[in-house]
A.B. asks: 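This is the structure I want to talk about, given as structure tokens.
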Amino acid sequence: MAKHIELDLGFTNIQLLKGEKGYVQMDAGYKSNVKKYLRLLKKNNIDPSEIKLIIVNHAHFDHVGGLKTLKEITNAKVLVHENDAEYLRKGISVEPKPISFVVKLLFKLIPKSLKLYDPVEPDIIIKDEYSLDEFGVKAKVIHTPGHTLGTVSLVSEDGVAFIGCCAHGFPLRFNPGLPTVAEDINQIYSSWKRLLKEGVKEVFVSHGKAVSVTKMKKILEKKKS
Ligand SMILES: [Zn+2]
Ligand SMILES: [Zn+2]
């Protein structure tokens, strides 16, 4: 299996995949997470210059808040889907729709200023699929919309997947599965189907513990019936 490292920043996890030329990374966390990020890199004996690519799972402040600083520190390229690219360029978060009333209330409590972040000009803008060959990683990034319309996932040749907010794990969701907020919940089901078709085996998410593939299959089956 491809070498995977999870950096637990608190609310948001950052995922790293090791390749021949360095690491590709999913997400950048909050702006205030940068120091912790650097500390965790050091703990894993990784020099910031070894990070060659930062993939934007989607343009929400808890995923891209620290991106501008991390891009400067690492000199990594930034990849984003075309549907979220404009948000990234402007430094604004897509307004997501909470799928439950409680989350809706919690969402209202987040101050507007926190949802803003330093804009970043992306280096790579993708549509449906993008191979990471040039980064020495046997993996690709695929479009998996639903949480936002431009949410993407990384899938390695041997089945390691970083799906960001296509699902949420424990304890963000006591019962791991569907994300707590989504632009289009039906798109999430289609994206899960695509991920399973790609043969994912280990699924890592941006919030909470890894989500089991068996659980994803069960939720899809229940939806069908
Ligand atoms: Zn989000
Ligand atoms: Zn998030």
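Residues: numbered from 1 along the sequence shown. Whatever order the structure lists ligands and atoms in, that order sets their numbers, starting from 1.
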A.B. asks: Which value, rounded to the nearest 0.5 Å, describes the distance between L70 atom CG and L41 atom CG?
C.D. replies: 8.0 Å

A.B. asks: To check your reading of the site, what angle at the Zn ion (ligand 2) do OD2 of D62 and NE2 of H207 form, to 10°?
C.D. replies: 90°

A.B. asks: Below 2.8 Å, any N, O or S contact between C165 and the Zn ion (ligand 1)?
C.D. replies: no

A.B. asks: Between R89 and E86, does any side-chain N to carboxylate O distance fall below 4.0 Å?
C.D. replies: yes

A.B. asks: Mind reading off the angle at the Zn ion (ligand 1) between the ND1 atom of H60 and the NE2 atom of H147, rounded to 10°?
C.D. replies: 110°

A.B. asks: Tell me if a side-chain donor or acceptor on D118 pairs with a main-chain N or O of K68 at a distance below 3.5 Å.
C.D. replies: no

A.B. asks: Report whether any nitrogen, oxygen or sulfur of H58 sits less than 2.8 Å from the Zn ion (ligand 1) (N, O or S, backbone or side chain).
C.D. replies: yes

A.B. asks: How about K71: does its NZ atom have over 12 heavy atoms from other parts shown lying under 6.0 Å from it?
C.D. replies: yes

